[in-house]
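From a predicted model like this one, the values you see are computed outputs, not experimental measurements.
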Amino acid sequence: MSQQAASDSNHLNRRWRPALMSFFLRRVRNHAEAEDLTQEVFARLLTDGGRPSQSPDSYIFQVAMNLLRDGARRSKVRMEYLRDAVLLDEQDAERLDPSRVVAARDALGAFITGLDALPERTRSIFILYRIENLELDTIARSFGISKSAVKKHVMKAMAMLMAQVRDFR
């Protein structure tokens with residue numbers, strides 16, 4: 001640390017530390033956290049080139065309030081995450097971890113590759129039945145085939161897609 005920076009740091013510490021500690025202790029009621037916040041104010045002031053010449057009191061306490069707001073936002077995000085995690089645990093829902101996300105994306109890619117490999121008519125019937133949820137009768141009429149033929153196309157597509165995804169793994 002340069003001599004000027006050390007001098008600035010000592011001046012800030014002597015002049016503002018008691019007031020900032022009191023300010024933070026009234027709000028956070030934790031001495032260690034108040035100490036950390038006070039040091040963070042000093043660090044920000046020193047990296048910003050010191051305090052402004054006009055109204056340094058309001059500037060320093062504005063920095064302090066911003067630190068409290070930032071901390072409150074972070075705390076809120078953490079609390080929401082923990083609440084959601086507890087809800088997931090209560091519902092026996094599985095957590096998303098990066099490896100599962102990648103595996104699911106890869107499996108989806110294999111499924112899409114398998115879908116593209118299907119004959120056009122079989123693919124269209126499968127999509128209409130399994131994805132668009134159209135009734136067998138409706139699909140059969142639109143293709144001019146029987147309901148059992150629609151079922152056979154769907155079964156053929158399912159078998160080919162399952163094999164594609166199984167081969168992927």
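Proximity of Arg44 to Leu67: side-chain heavy atoms (C-beta onward) are separated by under 4.5 Å at one or more points. Between Leu161 and Phe111, the closest side-chain pair of non-hydrogen atoms falls below 4.5 Å. A 4.5 Å side-chain heavy-atom check between Asp36 and Phe24 finds every atom pair outside the cut-off. Considering only heavy atoms from C-beta on, Tyr129 stays 4.5 Å or farther from Leu134 through its side chain. Side-chain contact between Lys156 and Pro119 is present, with heavy atoms from C-beta onward closer than 4.5 Å.
In this view, Arg26 and Ser22, Phe23 satisfy the side-chain contact (heavy atoms from CB on, under 4.5 Å) rule, not counting sequence neighbours. Residues that satisfy the side-chain contact (heavy atoms from CB on, under 4.5 Å) test with Ala157, not counting sequence neighbours, are Leu118, Thr122, Phe126. Here Glu135 pairs with nothing under the side-chain hydrogen bond (donor to acceptor under 3.5 Å, both in side chains) rule; sequence neighbours left out. Residues that satisfy the side-chain contact (heavy atoms from CB on, under 4.5 Å) test with Met21, not counting sequence neighbours, are Arg17, Leu25, His31, Ala34, Glu35, Thr38. Residues forming a side-chain contact (heavy atoms from CB on, under 4.5 Å) with Ala149 (at least two apart in sequence, or on another chain): Ile145, Ser146.
Rounding to the nearest 0.5 Å gives a distance of 10.5 Å between CG of Asn133 and CG of Leu128.
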Inset, instruction - Give the intermediate values and the outcome of side-chain contact (heavy atoms from CB on, under 4.5 Å) for residues Trp16 and Leu45. - result: CA-CA 11 Å; Trp16 296 104; Leu45 290 173; 5.6 Å; no

Inset, instruction - Please step through side-chain contact (heavy atoms from CB on, under 4.5 Å) for the pair Val150 and Phe143, ending with a clear verdict. - result: CA-CA 9 Å; Val150 171; Phe143 282 90; 5.9 Å; no

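Taking every heavy atom of both residues into account, Ala64 and Val41 meet most closely at CA-CG2, 3.9 Å.
Within the structure, salt bridge (charged side-chain N to carboxylate O under 4.0 Å, His left out) pairs that include any residue of residues 138-153 comprise Asp137-Lys147 (at least two apart or interchain). Annotation: salt bridge (charged side-chain N to carboxylate O under 4.0 Å, His left out) contacts involving residues 109-126, sequence neighbours excluded, are absent.
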Throw together a table of side-chain donor-acceptor distances under 3.5 angstrom for residues 68-80, partners on residues two or more places apart or in other chains.
{"from": "Arg69", "atom 1": "NH1", "to": "Asn66", "atom 2": "OD1", "distance (Å)": "3.1"}
{"from": "Asp70", "atom 1": "OD1", "to": "Arg73", "atom 2": "NH1", "distance (Å)": "2.7"}

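Connection of Met155 to Ile139 is not established within any shared hydrophobic cluster, with ILVMFWY side chains joined at heavy-atom distances below 4.5 Å, either directly or through further cluster members. Val102 and Leu108 fall into different hydrophobic clusters, defined by Ile, Leu, Val, Met, Phe, Trp and Tyr side-chain heavy atoms under 4.5 Å apart, directly or through other members.
Within a 6.0 Å radius of CZ in Arg83, other residues, nucleotides and ligands contribute more than 12 heavy atoms. By the neighbour-count criterion of 12 heavy atoms within 6.0 Å, atom CE of Met162 is sparsely surrounded, having that number or fewer from other residues, nucleotides or ligands.
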